[in-house]
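Fair warning: this is a prediction, and the values are worked out from it, not measured in the lab.
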Amino acid sequence: MRIGMGYDVHRLAEDRDLILGGVKIPYEKGLLGHSDADVLVHAIMDALLGAAALGDIGKHFPDTDSRYKGISSLLLLKHVAELLEEHRYIVENIDATIIAQQPKMRPYIEQMQKNIADVLGVSVEQVNLKATTEEGLGFTGTGEGISSQAVCLLEKITNYSSYDVTPGERACEHCTGCLQRGE
């Protein structure tokens with residue numbers, strides 16, 4: 001098992017969409033950044049990359065690269081999922097927190113969980129998201145920005161069986177015998 005931790009923060013700004021977990025949330029401001037500035041997905045990506053010892057999002061998606069200007073962070077998460085598969089990791093679970101004074105996140109959490117789970121190819125039950133305020137304290141409490149923290153647990157695919165599973169190959173949910181028999 002490998003544990004990863006991620007953190008991200010972006011400033012709130014006028015004339016930007018507020019995107020969190022791939023959901024466009026109606027609000028008077030959005031997050032400022034090179035991509036869509038989705039702090040939740042960024043924190044999750046850093047947790048996943050960290051657990052797999054693959055660096056961080058700055059290494060893989062530098063803000064100096066025009067290819068990532070305005071890009072959906074869910075597309076970047078898809079690339080992280082492909083890296084994890086290439087290195088034979090599966091996601092056991094993700095637990096993340098959005099820290100924002102406003103707006104209220106509760107109405108959007110389920111869709112965020114679904115978006116993240118779908119991109120990673122895991123069940124929604126493996127992605128736990130929550131939101132909190134800082135009771136008016138700090139930059140998130142005064143409404144200057146939004147931050148997110150995430151932790152994850154990864155497992156090497158080869159740890160589940162003596163059979164070495166190649167990237168892209170999946171065992172059925174009951175056993176790895178079907179792979180060993182070539183089914």
Applied to residues 67-77, the side-chain hydrogen bond (donor to acceptor under 3.5 Å, both in side chains) test, sequence neighbours excluded, yields D36-S73, H42-S73, D65-R67

For L76 and L74, what are the C-alpha separation, side-chain angles and deciding distance, and is it a side-chain contact (heavy atoms from CB on, under 4.5 Å)?
CA-CA 5 Å; L76 303 179; L74 291 178; over 6 Å; no

Are any non-hydrogen side-chain atoms of L18 and I146 less than 4.5 angstrom apart?
yes

Might you point out which heavy atoms bring M45 and L77 nearest each other, and give the distance in Å?
SD-N, 3.5 Å

Heavy-atom check, side chain of I98 versus side chain of L129, under 4.5 Å
no

Output the distance between atom OG (S148) and atom CG (L40), rounded to the nearest 0.5 Å.
4.5 Å

Closest approach of M105 and A100, non-hydrogen atoms and distance?
CE-CB, 4.0 Å

Can you name the side-chain hydrogen bond (donor to acceptor under 3.5 Å, both in side chains) partners of K104, sequence neighbours left out?
none

Once side-chain contact (heavy atoms from CB on, under 4.5 Å) is applied, do any residues pair with Q126, and if so which ones, sequence neighbours excluded?
V122, S123

Using the test salt bridge (charged side-chain N to carboxylate O under 4.0 Å, His left out), find all partners of E82 that sit at least two apart in sequence or belong to another chain.
K78

Other ILVMFWY residues reachable from M5 by side-chain steps of under 4.5 Å:
Y7, V9, F139, V151

Side-chain heavy atoms of V80 within contact of L49, under 4.5 Å
yes

Please list all pairs meeting side-chain hydrogen bond (donor to acceptor under 3.5 Å, both in side chains) that have one or both residues in residues 48-60, counting only residues at least two apart or in different chains.
none

Between A51 and C152 the two heavy atoms that sit nearest each other are CB-SG, 3.8 Å

Once rounded to the nearest 0.5 Å, what's the spacing between atom CD1 of I94 and atom CD1 of I116?
7.0 Å

Give me the atom names and distance for the closest heavy-atom approach of D38 to G21.
OD2-N, 2.8 Å

Is the CD1 atom of I3 crowded by more than 12 outside heavy atoms at less than 6.0 Å?
no

Which heavy atom in A96 sits nearest to a heavy atom in A150, and how many Å separate them?
CB-CB, 3.8 Å

State the CD-OG1 distance between Q149 and T132, to the nearest 0.5 angstrom.
10.0 Å

Please evaluate residues R11 and L31 with respect to the criterion side-chain contact (heavy atoms from CB on, under 4.5 Å), reporting the C-alpha separation (whole Å), side-chain torsions for both, the decisive distance (0.1 Å), and the verdict.
CA-CA 6 Å; R11 178 181 303 277; L31 293 169; over 6 Å; no

Which residues pass the ring pair (Phe, Tyr, Trp, His ring centres under 6.0 Å) test with H34, not counting sequence neighbours?
none

Please round to the nearest 0.5 Å and tell me the distance separating atom CD of Q113 and atom CD of Q111.
10.0 Å

One should read off an interatomic distance between K29 NZ and Q102 CD, to the nearest 0.5 angstrom, of 11.5 Å

Taken in chain and number order and not counting sequence neighbours, the residues that satisfy salt bridge (charged side-chain N to carboxylate O under 4.0 Å, His left out) with K24 are D17

Could you grab the distance from atom CD of E86 to atom NE2 of H79, nearest 0.5 Å is fine?
8.0 Å

Quick one: side-chain contact (heavy atoms from CB on, under 4.5 Å) partners of A52, sequence neighbours excluded?
L54, L84, Y89, L154

Taking only residues two or more places apart in sequence, or in another chain, which ones meet N128 in a side-chain contact (heavy atoms from CB on, under 4.5 Å)?
D95, K130

Please tell me if the side chains of L120 and D118 come closer than 4.5 Å, counting only heavy atoms from C-beta onward.
no

Result for side-chain contact (heavy atoms from CB on, under 4.5 Å) between V91 and one of L48, L153, I44, V127 points to L48

All heavy atoms of R16 vs all of A37, minimum pair found to be NH2-CB, 3.9 Å

Is I25 close to I19 at the side-chain level, that is, under 4.5 Å between some pair of heavy atoms?
no

Do F61 and V41 belong to the same hydrophobic cluster, where Ile, Leu, Val, Met, Phe, Trp and Tyr are linked whenever their side-chain heavy atoms lie under 4.5 Å apart, directly or via other members?
yes

Looking at Q101 and G143, would you say the former's side chain and the latter's main chain have a donor-acceptor pair under 3.5 Å?
no

I'd like to check the salt bridge (charged side-chain N to carboxylate O under 4.0 Å, His left out) partners of D63; sequence neighbours left out, ordered by chain and number.
none

Only pairs at least two apart or in different chains count here, so list each salt bridge (Lys or Arg N to Asp or Glu O under 4.0 Å) that has a residue in residues 132-154.
none

